[in-house]
A.B. asks: 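Please find one structure pasted underneath; my questions will follow.
Remember, it's 1-based here, ligands and their atoms both numbered in the order they're listed. Values reported hereafter were calculated over all heavy atoms of this structure, with side chains retained and with hydrogens, waters and symmetry mates removed.
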Amino acid sequence: MSTLSELTSLQKTLNNAIDAFKAELAAQNLPEPSLNTSKPHPIDDITYLPTPAMYEARRVALASLGLLKSLIQSPYDALAANTWMTLEVAGVRLAADIKLASVLGDSEDGLSIQEIADQTCVDGIKLERVLRLLITQGWFREPKQGYFANNRLSNLIKKDQPGFHLATYMNELFNKVTVGFPEMINHPNPEFRKKNDPFHTAFQLSYKTDVAFFGAGGWLTQDPQEAVKFGLSMGAVGPTSDPGVAADFPWAEIVAEKDAIVDVGRGQGTLCCSLAVKYPQIKKFIVQDLPETKEAAESFIASKGLSDRVIFEAQDFFTPQQRKGKYVFVMQRVLHDWSTEEGAKMLKHIRDVLNEDSVLLIIDTVIQPGVVSAQGPSLTESLAKLSQNAYSPVPPPEFIPVDFGEASRIQHQINVALTALCNSFERTLPQLTEMVELGGLKIKKVNATRGWASITEVVPA
Ligand SMILES: C[S@@+](CC[C@H](N)C(=O)[O-])C[C@H]1O[C@@H](n2cnc3c(N)ncnc32)[C@H](O)[C@@H]1O
């Protein structure tokens with residue numbers, strides 16, 4: 001049992017984490033980040049991959065900060081802040097809608113609220129209230145009274161950034177879906193509550209529609225403009241995991257002697273393109289998806305100059321797999337869109353072509369529990385054992401939950417978002433095991449990466 005109080009222990013862990021984070025910045029000759037400048041920091045780039053020690057220090061710092069906030073803040077204040085949190089979400093959407101970050105640009109001194117009002121055509125007095133709320137949550141800054149400027153968060157919602165689409169389209173979609181979410185889970189009809197299909201979700205309740213969000217005849221296929229906006233907003237979430245997935249798995253080793261990587265349900269092909277750039281020795285990537293995605297996938301691949309190595313191929317993953325041979329099959333962010341039964345059907349088609357020369361990799365979040373122990377090694381101790389070359393996560397220090405609390409917030413948010421939108425979900429290890437076994441396969445190894453994704457190696461049972 002720990003001899004330190006919860007508060008003292010978390011404070012100590014936070015200090016260790018911040019010291020380790022600063023040491024990693026210094027080792028990379030990077031300045032400390034600041035919230036009082038309009039300049040982005042090099043670590044804000046979507047392709048930036050922290051060193052293993054920096055990544056772990058950040059996770060532990062976030063987990064400690066989240067818990068310390070809850071320990072120190074009055075619970076009544078926490079409840080009140082939660083109640084009106086939707087206004088912060090709406091405030092970020094408003095800022096993106098009026099292109100405020102682009103209007104503020106790189107100015108260090110900022111623009112007066114009157115200049116902002118003139119350029120955005122909204123009432124300055126009302127907007128000032130919104131901006132001061134957002135500033136409390138780290139968005140924008142007020143360099144002098146009545147003047148507002150960008151900071152490293154607000155830079156992400158400039159019109160030309162992928163984050164713009166997240167703060168507009170996705171923000172609005174989930175703002176609406178959220179309205180029907182409690183009714184979905186606690187529906188007056190007990191039969192509705194038991195449904196696991198994409199037609200009984202918060203999406204239908206909120207949008208007053210009968211169609212599913214994804215899939216043939218669904219919301220996105222009915223309106224191609226919606227599909228484009230959805231894809232653009234995913235561009236600010238999906239690729240955040242690519243650098244870790246590309247770096248933290250022995251791709252070159254596993255692909256040696258194989259004919260190609262076959263990416264099943266690949267979307268645009270961002271992961272294969274990242275892998276192709278990082279591993280020139282891997283000569284062939286096959287990107288499989290529905291035929292209607294061919295044009296978008298091929299133009300994305302061409303824009304990266306990789307058309308000679310990354311090839312699009314039409315394949316419905318609910319039909320027999322056409323590739324039989326020495327392949328590394330990959331399914332990233334695909335199974336989390338489907339029920340366990342549907343996922344198992346897709347897996348069976350891969351199992352039917354797997355042999356001793358091929359392997360399947362499932363790339364998805366593995367949801368961890370929020371259990372806390374009063375015991376655990378100190379971060380400093382764990383970091384000292386960390387390899388600089390191969391990433392492996394540190395165990396939780398005392399009082400830090402198994403899922404690292406605040407640091408896993410986005411994984412849990414997406415888990416609930418998938419539930420609300422299409423009745424699918426991110427899986428825990430037992431849930432992943434159940435689906436894999438139903439598909440006639442078994443898990444060989446789960447590999448963590450620097451990001452939300454785990455790479456699970458799967459072989460025939
Ligand atoms: C959530 S996206 C994941 C895309 C990509 N794997 C990634 O990680 O970004 C799901 C993908 O599955 C594809 N898809 C949906 N139904 C499919 C089917 N029946 N056969 C093949 N692909 C399908 C969609 O077109 C989409 O590209």
A.B. asks: Which ligand 1 atoms does Q315 reach within 4.0 Å, using its non-hydrogen atoms?
C.D. replies: 20 (N), 21 (C)
A.B. asks: Considering only heavy atoms, does F318 approach ligand 1 within less than 4.0 Å through its side chain, its backbone, both, or neither?
C.D. replies: side chain
A.B. asks: Among all protein heavy atoms in this structure, tell me which lies nearest to atom 7 (C) of ligand 1, with the distance rounded to 0.1 Å.
C.D. replies: R266 NH2, 3.4 Å
A.B. asks: Among all protein heavy atoms in this structure, tell me which lies nearest to atom 3 (C) of ligand 1, with the distance rounded to 0.1 Å.
C.D. replies: R333 O, 3.4 Å
A.B. asks: Give the numbers and elements of all ligand 1 atoms closer than 4.0 Å to a heavy atom of D337.
C.D. replies: 1 (C), 10 (C)
A.B. asks: Around atom CG of D106, are there more than 12 heavy atoms of other residues, nucleotides or ligands at under 6.0 Å?
C.D. replies: no
A.B. asks: Which of the numbered atoms in ligand 1 are under 4.0 angstrom from any heavy atom belonging to Q332?
C.D. replies: 3 (C), 5 (C), 6 (N), 7 (C), 8 (O)
A.B. asks: Taking only residues two or more places apart in sequence or in another chain, which ones pass salt bridge (charged side-chain N to carboxylate O under 4.0 Å, His left out) with E298?
C.D. replies: K294
A.B. asks: Do ligand 1 and D289 have nitrogen or oxygen atoms that lie under 3.5 Å from each other?
C.D. replies: yes
A.B. asks: Salt bridge or not between R266 and D289? Use side-chain N to carboxylate O under 4.0 Å.
C.D. replies: no
A.B. asks: Among all protein heavy atoms, pick the one closest to atom 11 (C) of ligand 1 and tell me residue, atom and distance.
C.D. replies: G265 O, 3.7 Å
A.B. asks: With under 30° as parallel and over 60° as perpendicular, where do the rings of W338 and F318 fit, or are they tilted in between?
C.D. replies: perpendicular
A.B. asks: Does R427 come within less than 4.0 Å of E434, counting only side-chain N to carboxylate O?
C.D. replies: no
A.B. asks: Is T365 reaching over with its side chain to a backbone N or O of I367, donor-acceptor style, under 3.5 angstrom?
C.D. replies: no
A.B. asks: Which pairs count as side-chain hydrogen bond (donor to acceptor under 3.5 Å, both in side chains) when at least one residue sits in residues 164-176, sequence neighbours excluded?
C.D. replies: R93-N171, Y169-E226
A.B. asks: What's the shortest distance from atom 19 (N) of ligand 1 to any protein heavy atom, and which residue and atom give it?
C.D. replies: D316 OD1, 2.9 Å
A.B. asks: Identify, for atom 17 (C) of ligand 1, the protein heavy atom at the shortest distance, and state residue, atom and that distance.
C.D. replies: F317 CZ, 3.1 Å
